Protein chains: 2
Amino acid sequence: MLDVAILGLLMDRDHHGYEIRSQLRERLGDSESVSFGSIYPALARLERHGLVEAVAPAAPRSPAISTGSLAGERASLRTLRTSAGLGRRSRKVYRITERGRQEFHALLADPTTVDDGRTFSLRVALARYLTPALRVRLLERRRQDLLERLAEVRQGADNPDLDAYARSVMSHAAHSVELDLEWIDDLLSIERSDSETFAQEAK
Amino acid sequence: MLDVAILGLLMDRDHHGYEIRSQLRERLGDSESVSFGSIYPALARLERHGLVEAVAPAAPRSPAISTGSLAGERASLRTLRTSAGLGRRSRKVYRITERGRQEFHALLADPTTVDDGRTFSLRVALARYLTPALRVRLLERRRQDLLERLAEVRQGADNPDLDAYARSVMSHAAHSVELDLEWIDDLLSIERSDSETFAQEAK
DNA sequence: ACGTCGATATATCGAAGTGATATGATGAAA
DNA sequence: TTTCATCATATCACTTCGATATATCGACGT
């Protein structure tokens with residue numbers, strides 16, 4: 001899951017570890033922040049597998065300071081640290097590789113992994129990288145799972161064995177799943193109207 | 001988190017590992033099932049710490065078959081397996097200890113741990129074991145967290161840098177948090193009206 | 001009577017994630 | 001000028017996950 005998230009962010013542009021954490025919340029809507037204890041090992045892992053690569057510390061806003069040699073890079077690193085706005089501790093910036101892009105598409109579309117709320121939201125947030133057909137499949141798969149879950153929690157909400165608090169949890173879970181279902185149905189109807197528009201244009 | 005959940009279930013009655021998993025979903029509303037790979041180690045850990053203890057395989061529905069000796073227990077185990085309804089592989093039933101009860105209350109009320117959606121729901125499902133004051137504190141703490149989260153996701157929903165899918169995720173997250181807040185406000189108003197009733201009765 | 005499927009049940013293993021902690025630089029405020 | 005908040009990487013012990021192995025029983029079809 002984290003792999004897809006990181007690769008997805010890197011599809012857009014290069015990032016360093018610390019930034020990935022905030023982007024995960026801001027762009028991919030991750031509610032419970034992923035800890036640094038998973039991000040840095042994940043980045044190391046992805047690099048080991050050749051899916052991402054460390055970029056030589058990029059030139060700061062002010063262009064053309066260093067252009068390549070090892071000594072030059074070291075100098076630019078020092079420059080980077082003290083130069084306007086971009087200081088802080090030296091960043092390790094990562095770029096996605098071609099193999100990384102392939103793996104990203106494969107992971108994102110993989111139908112064998114069952115989505116929980118978190119991975120599903122992640123996938124939707126990255127849905128522009130899926131084909132329309134794969135998007136619909138993703139949404140309909142989740143829809144089925146939620147319908148099953150809805151039946152479960154509704155039963156719990158009516159279970160007289162449970163005390164008022166437990167029943168309240170169940171009943172709120174039911175409302176929450178209902179809201180999720182409405183969302184998915186909205187997304188599905190958008191997908192369908194988009195494909196209609198497409199069909200009409202082709203006509 | 002899993003510790004509180006297991007202890008909470010054992011407060012009610014004895015359970016074996018397999019059963020705990022289903023009860024977690026049915027009684028405590030846990031959406032993403034906890035795997036056996038965490039339940040059995042957790043049970044072993046709790047036993048090591050003296051918070052739970054393994055019970056001699058309980059007598060089946062039909063009462064009074066064995067009453068104590070080692071030989072008797074072994075016999076009852078065999079009986080258990082082949083007797084009506086309760087067969088299957090031999091179960092390992094756990095009971096909560098006195099120290100376990102103390103620890104349960106401490107963990108449930110612990111204000112230092114920050115609740116995510118899962119642990120919060122768990123705590124509410126077990127809220128009957130909290131005092132009214134601790135219940136209100138739990139609810140208000142979560143309310144604050146959600147208000148902050150709401151501001152974040154609303155910003156994301158309006159962020160023109162994001163594509164329609166990512167914005168949709170953010171906007172749905174906002175609606176979801178709003179629903180959570182309504183739930184919490186309901187629970188809070190119930191707590192308050194309960195304490196009023198209580199005050200009036202005392203009068 | 002036979003096989004085999006699905007549910008019940010415990011257990012273990014490697015890989016991944018968490019939460020805490022260490023380290024240190026920088027900019028802003030007190 | 002010290003000190004505080006934020007930025008940034010890293011590691012550690014412990015917990016959790018997902019897959020897999022093992023085994024028993026009831027039900028179902030053939």
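Throughout, protein chains are lettered first and strands after them, A, B, ... in sequence-line order, and every chain is numbered starting at 1. Note that the structure is predicted; figures quoted are calculated from it, not measured.
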Exercise. Does B/Arg143 have any side chain to side chain donor-acceptor pair (under 3.5 Å) partners at least two apart in sequence or in another chain, and if so, which?
Worked result: B/Asp185
For this session: Please name all residues satisfying side chain to side chain donor-acceptor pair (under 3.5 Å) with A/Arg141, sequence neighbours left out, ordered by chain then number.
Result: none
Separation of atom [atom1] in [X] from atom [atom2] in [N], rounded to whole Å:
X       : N      : atom1 : atom2 : answer
B/Asp14 : C/dA9  : CG    : P     : 15 Å
A/Arg21 : D/dA10 : CZ    : P     : 15 Å
A/Ile20 : D/dA8  : CD1   : C1'   : 13 Å
B/Leu43 : C/dA9  : CG    : C1'   : 13 Å
A/Gln23 : D/dA8  : CD    : C1'   : 15 Å

Exercise. Does a sphere of radius 6.0 Å around CZ in A/Arg137 hold more than 12 heavy atoms from other residues, nucleotides or ligands, not counting ones at 6.0 Å or beyond?
Worked result: no
Exercise. Of the nucleotides D/dA8, D/dA10, C/dA11, which has the atom closest to the A/Tyr18 side chain?
Worked result: D/dA8
Side-chain donor-acceptor pairs of residues 27-34 of chain A under 3.5 Å, sequence neighbours excluded:
from, atom 1, to, atom 2, distance (Å)
A/Asp30, OD1, A/Arg118, NE, 2.8
A/Asp30, OD2, A/Arg118, NH2, 3.1
A/Ser33, OG, A/Arg25, NH1, 2.7

For this session: Test side chain to side chain contact (heavy atoms under 4.5 Å, CB included) on A/Tyr94 and A/Leu10 and set out the steps.
Result: CA-CA 8 Å; A/Tyr94 291 91; A/Leu10 293 180; 4.3 Å; yes
Exercise. Within the pair B/Tyr40 and C/dA11, is there a side-chain N or O less than 4.0 Å away from OP1 or OP2?
Worked result: no
Output side-chain donor-acceptor pairs under 3.5 Å for residues 38-54 of chain B, partner residues at least two apart or in another chain, one line each.
from, atom 1, to, atom 2, distance (Å)
B/Ser38, OG, B/Ser35, O, 2.9
B/Ser38, OG, B/Ser35, OG, 3.3
B/Arg45, NH2, B/Asp3, OD1, 2.8

For this session: Check the pair B/Arg154, B/Glu148 against salt bridge (Lys or Arg N to Asp or Glu O under 4.0 Å), reporting the backbone distance first and the verdict last.
Result: CA-CA 10 Å; B/Arg154 277 189 176 156; B/Glu148 284 165 37; over 6 Å; no
Problem set entry | Helix axis bend for the helix from C/dA1-D/dT30 to C/dA30-D/dT1 - C1'-based end axes, five pairs, 10° rounding | 30°
Exercise. Where the side chain of B/Arg123 meets the backbone of B/Leu108, is there a donor-acceptor pair that is under 3.5 Å apart?
Worked result: yes
Give every pair of a protein N or O atom and an N or O atom of nucleotides 16-19 of chain C that lie under 3.5 Å apart, one pair per line with the distance.
from, atom 1, to, atom 2, distance (Å)
C/dT18, OP2, A/Ser38, OG, 2.9

